[in-house]
Protein chains: 2
Amino acid sequence: MHPLAERVLNGERRAIARAISYVEDDHPDKTELMRDLFPHTGRAQIVGITGAPGAGKSSLVDVLIRYLRQQKLTVGVVAVDPSSPFTGGALLGDRVRMQSHALDPDVFIRSMGSRGSLGGLSRATQDSVRILDASGKNVIIVETVGVGQSELDIMHMADTVALVVTPAGGDAVQAFKAGVMEIAEVFVVNKADLPGVEKVITELEQMLDLVKHDAEWRPPVVKTISVQNSGMEELWKAVSRHHDYLKQRGLLEKRRRDHIRREVAEIVGYHMQQWVRERMQNIALDPGLDPYTTAQQLLQQIINIRKHEEERR
Amino acid sequence: MHPLAERVLNGERRAIARAISYVEDDHPDKTELMRDLFPHTGRAQIVGITGAPGAGKSSLVDVLIRYLRQQKLTVGVVAVDPSSPFTGGALLGDRVRMQSHALDPDVFIRSMGSRGSLGGLSRATQDSVRILDASGKNVIIVETVGVGQSELDIMHMADTVALVVTPAGGDAVQAFKAGVMEIAEVFVVNKADLPGVEKVITELEQMLDLVKHDAEWRPPVVKTISVQNSGMEELWKAVSRHHDYLKQRGLLEKRRRDHIRREVAEIVGYHMQQWVRERMQNIALDPGLDPYTTAQQLLQQIINIRKHEEERR
């Protein structure tokens, strides 16, 4: 076993931090590390929290952590901001949170910004969640800013996705158009002390009528006021009810299996792409041929090139 | 030739709009269309304009279009916002711009939001630029919001990348950290009527000393005030000087060849991924095996599976 894997399994804080850096930096030992950790994953409950900027996700997560700690649950957080060039805990909201949980050995928070190569952020996030899982954290929160495609992709790894909206500014309509309504299993109306709460709840319920969800799970709408530390119990109850629902119907297992399939396909596709990219240097391109036709021809050649290479060895 | 391709080559506005919808929606005729258009591309000058939200890119592009029209140049714009769920010209800044150029048949503006599958936005943007190129537009502007990885990827297709910053709020430092400094060939200090202009220029020049650029092209810093319609001539001069510089050294051709190689690799990788994803349904996963090891095993099997399939046909 990789020595770092052993230390991660022991829950050593510095080992977790280093392991996450390994996956961020695509360290040569990464695959060995992930291979060693994998058999020890699958125990944590993974919660995705998403919503538009300004919905108050960071402080919501902060108070949720506090609530979970009161329940004697250990917590890992991966905060993802694809639009941020910063990484390694440098996000503003994160620094604040880190401070408030800095002395708690059972809370681990890490930020991920945009960096690395294709699919790098999504890849690094998935691996980080697995590292935290293997380290023994009971609950892992994946927080993403915004509602773009990459955020939707990242959310695939969560057991339960909570969408945070506020009474202000048509968040619900926005989420509806962005296709986030379809993936959210719990709706959180944060800043529920602001006017317009009931209106946004009605809007959400109306939109939920239109959106095709799992027949047996209609997403509940929960009100929270994170600055007042209010609504956490309800939020956590809703998340746990969804988790139980998945477990009882064997859906949790299915969901995680599907996610691994997706991951495998991603990794394979990425490697094929790298492989093609390297080969491209030595392949003469027909300048009159468009990329799609060239790609098609290459796809057919790939097998022959590989066969030839294997024979040469 | 695909009938739509013919109409695009004639510069028909509605045909261009429909062709872009084809690439956005991954229409079955897309590859045929792109194949037919490809031999007619490569004539347009492609300019990338990027920068943080709030830098005033939209209005800058608006006044730049006006300037280019005065020079009798036809213009295509693809405005990309990966964080937006909207598409098809629904972005706010765009609606304003569209109004101001709506009656000009020689300006075509299209917005792209986040949608479609993996790499969908970047793919659709590249194809859209090619459609506008084939339609005979002289200048194509690719505008991206933010400085994430997807924006960097998109910028690969531009001949010249202009980075827009403002005197406010440490934009330059931000861009430096995000790795955008490395890809920008022209720097635009917009809102140059605000205090702090000289300070940000000094900052930029200092950072340019640190960043490795093409030895013979040091990015110029241009001041603009888009609300006053000021600085457009200088901006366009700087962009054109860079374009001439590339052309004279044979770098433009090289750049475009490199970009096509990258595109081909992307398409091949994407198809491999789709192919693997479909196969994954029928492949039994070893539940104790991590995604990386499974992917590795699959990569080795791929060739055999394909061979087998070909033999069956």
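Here is the naming used below: chain letters follow the sequence lines, and residue numbers restart at 1 for every chain.
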Worksheet entry | Pick from A:Ile260, A:Thr293, A:Leu289 with the largest number of heavy-atom pairs that fall under 4.5 Å of chain B |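 Sorted descending by pairs with chain B, the first entry is A:Leu289.
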Looking only at A:Gly269, A:Ala295, A:Pro291, most heavy-atom pairs under 4.5 Å shared with chain B are made by A:Pro291
Roughly how far, to the nearest 0.5 Å, is CD of A:Glu263 from CG of B:Asp290?
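The distance works out to 9.5 Å.
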Nearest heavy-atom approach of B:Pro39 to A:Gly288 is CG-O, 4.4 Å
- Given side chains that start at C-beta, do those of B:Tyr292 and A:Glu32 come closer than 4.5 Å, heavy atoms only? no
**Asked** Under a 4.5 Å heavy-atom cut-off, does chain B meet the side chain of A:Arg130, its backbone, both or neither?
**Response**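 Contact with chain B is through the side chain of A:Arg130 alone.
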Cut-off 4.5 Å, heavy atoms of chain B, and the answer for A:Asp127 is side chain
